[in-house]
2 protein chains.
Amino acid sequence: MNNKDIFAEKLRSSGLRPTKQRIKICKLLFDRKDTFHFTINDLNNSIKSITTEQISLATIYNTIHAFKNKGYLKEISINSDKTYFDTNVSNHHHFFDENKRQLIDLDDKHVGKIKIKKTLPGKKIKSIEVLVKVVNNS
Amino acid sequence: MNNKDIFAEKLRSSGLRPTKQRIKICKLLFDRKDTFHFTINDLNNSIKSITTEQISLATIYNTIHAFKNKGYLKEISINSDKTYFDTNVSNHHHFFDENKRQLIDLDDKHVGKIKIKKTLPGKKIKSIEVLVKVVNNS
DNA sequence: CATAAATTTATAACGATTCTAAAGTAGAGT
DNA sequence: ACTCTACTTTAGAATCGTTATAAATTTATG
């Protein structure tokens, strides 16, 4: 079974029809060794550069949101204008390099246990996210 | 010395001319007991509701950015469409209530010490921010 | 007052994202 | 294979938050 079929199967099992647009995006996002961060704009440029059959911007948005809802992508917010997505959906944190304006993964195991000593009545914690902003040492 | 003059003085000492627009915004943001979170849209609505002399949206943006640059406000990002500002400029963290879509302060002292066990060459840590997402307990 | 620099303003422009309605496609049943 | 229906893609319009523009106004200074 080749990659295309694996992705098609994965999509189908999530209730998403395996269209050629979705499979092309799957290949770009998941057919690689390391996880990474990207913006919609980055993805659109990647698609443009590897293919002659452009995918409509609306479809890219639809697909990314569908993948996010299915848990294949994480959306990351930083004090920035851009919306980043992350193919690493495991529990982890981030560095944000303010000079390069770049996100860098920070493994859960590299962050000491975080203790929240305050509770909100009727609420439970869904996630704890740490953002470490860094700047050049000079 | 009344509030207006205190704000005028504060503005002047920051190198900002004390215009009536800026003083009005100061009163709304800083003339209160507790710090709070707001969006530009919230602020615009507040201004509309308390006065007949509307302040231009462009001025509101300019003023908020000026205040932020002077360190009187903090900008806060969450996985959300909105940009929030915080009149609490001390070191602290946040809860985000995903049901009410509302930010709640989380004091530094309510978060156990965070140890980052990874370093980036040539970079130093500027800040560590924790975002605790909560949902209804039911 | 007169002047220069800073500020405000309305409006235009912008970029990211969502909406729309029409055309195309995939899967299930025949 | 053929048909039907629901899902998907598409281009372009619309929308939203924000920034830029350029003229009018205001503030600080001499």
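Every chain is numbered from 1 and lettered A, B, ... according to where its sequence line falls, protein lines coming before strand lines.
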For residues B/Ile40 and B/Ile60, report the shortest heavy-atom separation together with the two atoms involved. CG2-CG2, 4.2 Å
Do A/Lys74 and A/His92 have side chains that approach each other closer than 4.5 Å (heavy atoms only, starting at C-beta)? yes
Measuring only between side-chain heavy atoms, which start at C-beta, is B/Asn136 closer than 4.5 Å to A/Lys123? yes
Once you measure the plane-to-plane angle for A/Phe30 and A/Phe7, does it fall in the parallel (<30°), tilted (30-60°) or perpendicular (>60°) bin? tilted
Going 5' to 3' along nucleotides 18-30 of chain C, which nucleotides have protein heavy atoms under 4.0 Å from the base (write B), which only from the sugar-phosphate (write S), and which from neither (write -)? BB------BS---
Starting from P on C/dT17, measure out to CD1 on A/Ile40 and report it in whole angstrom. 6 Å
In the 5' to 3' direction, the nucleotides of DNA chain D bounding the stretch that comes under 4.0 Å of a heavy atom in chain A are D/dA6 to D/dA11
Contact check, side chains of A/Asp34 and A/Asn88, non-hydrogen atoms, under 4.5 Å: no
Are A/Ile47 and A/Gln54 close enough that some pair of their side-chain heavy atoms sits under 4.5 Å apart? yes
Figure out the CG/P separation between A/Asn45 and C/dA16, and round it to whole Å. 10 Å
Please tell me whether A/Asp86 and A/His37 have a donor and an acceptor in their side chains that are separated by less than 3.5 angstrom. yes
For the residue pair A/Asp42 / A/Thr39, report whether a side-chain donor-acceptor contact shorter than 3.5 Å exists. yes
